[in-house]
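Worksheet: one structure, shown below.
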Number of protein chains: 2
Amino acid sequence: MTQTTAATATPLASAPPDATRVAVSTVIFTIRRDPRTDRMELALPLVRRTRDPHEGLWALPGGWLDVAESLEAAASRTLAETTGLEPSYLEQLYAFGAVDRSPARVVSIVYWALIRADEIPDAGIENTAWFDAASLPRLAFDHNEIVGYALWRLRNKVGYSRIAHGLLADEFTLAELREVYESILGRRLDPANFRRQAENSGTLIPTDRFRTGAHRPARLYRYDQDVELAERGPLSTRH
Amino acid sequence: MTQTTAATATPLASAPPDATRVAVSTVIFTIRRDPRTDRMELALPLVRRTRDPHEGLWALPGGWLDVAESLEAAASRTLAETTGLEPSYLEQLYAFGAVDRSPARVVSIVYWALIRADEIPDAGIENTAWFDAASLPRLAFDHNEIVGYALWRLRNKVGYSRIAHGLLADEFTLAELREVYESILGRRLDPANFRRQAENSGTLIPTDRFRTGAHRPARLYRYDQDVELAERGPLSTRH
DNA sequence: TCAAAAGTGTTCACTCTACACCCATGG
DNA sequence: CCATGGGTGTAGAGTGAACACTTTTGA
């Protein structure tokens, strides 16, 4: 089972033939209100491929790893280059390295990220579009599988950490926070019990401000910055 | 920030100059009884480096990724080549890719594994030795950090999954299982409560056999194979 | 018969869940 | 004043920690 040695002309400028190349991709979620159902839903940006493998299909934003940059730096850079986004949360997801996942041998280090809706530039970028995470088209390479895993991790992690933070503005009501959890977990949560859990988590700071609307005003909360740092695993040296 | 084009002569046989290379390493734990303290402890095999970067220091078993093998296959192969071990549990840990973690640019996909003491070949392998996971010497590259992260993951995962299985023989007493948990978590567990939790987990099958010893014989248990499969995440296509 | 591990029972504190209920606001 | 979401109270089920207690064996 050896790799073909035909020196095909590839558009990958400095790629040595016959070598394994390292790519970096990012699954980046935001949350938005579906105007039709009026429900919050997870969305992610995809980039339309303009070159040969899977040309025309949508793919995760990403690019090649530079020799002089770390994996996380590469994820940030390629994400910004393809989508213009600079997420507030970025974490390594998994390294995908099946031999047949691309015509050439590519190992992809995939990151996943969260971004607040207000951090998304208004001006769309050429060949980039946002999709409902629950109903994606067929994507290039193994990217459907990758998004599925990212969703699994997001749902998992929301259960024991405060990552919902990455999807909300600085101040938010408990109902807004609950809506984030509901759309990630895909089920309704009891407002009364959610409130108690959130208040007892020790990570929320009530403010003196209220969100006024059609009904009784709701208190605005902030996340406790101090808790933020303690929560990360042993690998997080960033920030 | 462009790539340097100097063609340096490197000892890495088929390495294209100036490219990022992909390595695979494995942190593989077993459990053994420390003859001095009579306590169970986690141990892992290390390989003494015989070449230039960090020659003489101990390092994790591993090697280069082959162009025609998957990441997991490479982890299994390099582990077998350097230590002769074939673990019963193998899972991807993390991809390490800091620019300065090696003189050359190397991205390491690190796996972690568990192996039962009875699966370890008696005959030691040249340049390989087992170390107490709690008191390691200074290792080559960033391998101390990697082992630390693997320990963190192991402790984490033992809380919500049944991986302790990978460290025990087919049949075991609850006291043996408890000792595994105690050595992983680093603290004593109440035998009575541990028994109830284990029995109520639905993953243990009591046998009719008993382990006889100095005192009252203890019932032997097996793990339920059916539960095994359901427990894995969405990525596990193996087996 | 005694030490020690195997195994059982009970209590307390805490958490999750369901759901009844009161409060405050805009219309 | 009333519909609606904000916010509180409370009772039941379930779980984990602590620990007293009984059972069974080898020495």
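Considering only residues two or more places apart in sequence or on other chains, A/Pro35 meets the side-chain contact (heavy atoms from CB on, under 4.5 Å) condition with none of them. Under the side-chain contact (heavy atoms from CB on, under 4.5 Å) criterion, A/Ala80 pairs with no residue at all, not counting sequence neighbours. Every residue meeting the ring-ring contact (aromatic ring centres under 6.0 Å, His included) condition with B/Phe172, not counting sequence neighbours, appears here in chain and number order: B/Tyr223. Under the ring-ring contact (aromatic ring centres under 6.0 Å, His included) criterion, A/Phe96 pairs with A/Tyr94, not counting sequence neighbours. Under the side-chain contact (heavy atoms from CB on, under 4.5 Å) criterion, B/Arg36 pairs with B/Asp34, not counting sequence neighbours. Legend: residues meeting salt bridge (charged side-chain N to carboxylate O under 4.0 Å, His left out) with B/Glu182, ordered by chain and number and at least two apart, are B/Arg178. Shown here are the side-chain contact (heavy atoms from CB on, under 4.5 Å) partners of A/Asp38, two or more places apart in sequence or in another chain: A/Arg33.
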List, with names and distances, any nitrogen or oxygen atoms from the protein found under 3.5 Å away from nitrogen or oxygen atoms belonging to nucleotides 24-27 of chain D.
residue	atom	partner	partner atom	Å
D/dG26	O4'	B/Ala214	O	2.6

Every protein N/O lying under 3.5 Å from an N/O of nucleotides 8-12 of chain C:
residue	atom	partner	partner atom	Å
C/dG9	N7	B/Arg196	NH1	2.9
C/dG9	O6	B/Arg196	NH1	3.4
C/dG9	O6	B/Arg196	NH2	2.7

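The distance between atom CD of A/Gln197 and atom C1' of C/dT15, rounded to the nearest whole Å, is 9 Å. Whole-Å rounding puts the A/Arg188 CZ to C/dC19 P distance at 16 Å. Taking atom CG on A/Asn200 and atom C1' on D/dG9, their separation rounds to 14 Å, with Å as the unit. Whole-Å rounding puts the A/Leu189 CG to C/dC16 P distance at 12 Å. Put simply, CD on B/Glu176 is 12 Å from P on C/dG7, counting in whole angstrom units. Per the geometry, CG belonging to A/Leu174 stands 7 Å off P belonging to D/dG7, to the nearest Å. In this structure, OH of B/Tyr181 is placed 18 Å from C1' of D/dA17, rounded to the nearest angstrom. In this structure, the CG atom of A/Leu177 is 15 Å from the C1' atom of D/dG7, given to the nearest Å.
In this structure, A/Tyr89 has its ring center closer than 6.0 angstrom to the ring center of A/Trp112.
In the helix from C/dT1-D/dA27 to C/dG27-D/dC1, the rotation axis of the first five pairs and that of the last five pairs differ in direction by 10°, rounded to 10 degrees.
Using a 4.0 Å cut-off between charged side-chain N and carboxylate O, B/Glu91 and B/Lys157 make a salt bridge.
Sorted by first and then second residue, the salt bridge (charged side-chain N to carboxylate O under 4.0 Å, His left out) pairs with a member in residues 126-142 of chain A read A/Arg101-A/Asp142; sequence neighbours excluded.
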Ignoring hydrogens and angles, write down the donor-acceptor pairs under 3.5 Å from the side chains of residues 209-221 of chain B, residues two or more places apart or on other chains.
residue	atom	partner	partner atom	Å
B/Arg209	NE	B/Glu171	OE1	2.9
B/Arg209	NH2	B/Glu171	OE1	2.9
B/Arg211	NE	B/Glu176	OE2	3.0
B/Arg211	NH2	B/Glu176	OE1	3.1
B/Arg211	NH2	B/Glu176	OE2	2.9
B/Arg219	NH1	B/Thr207	O	2.7
B/Tyr221	OH	B/Glu199	OE2	3.4

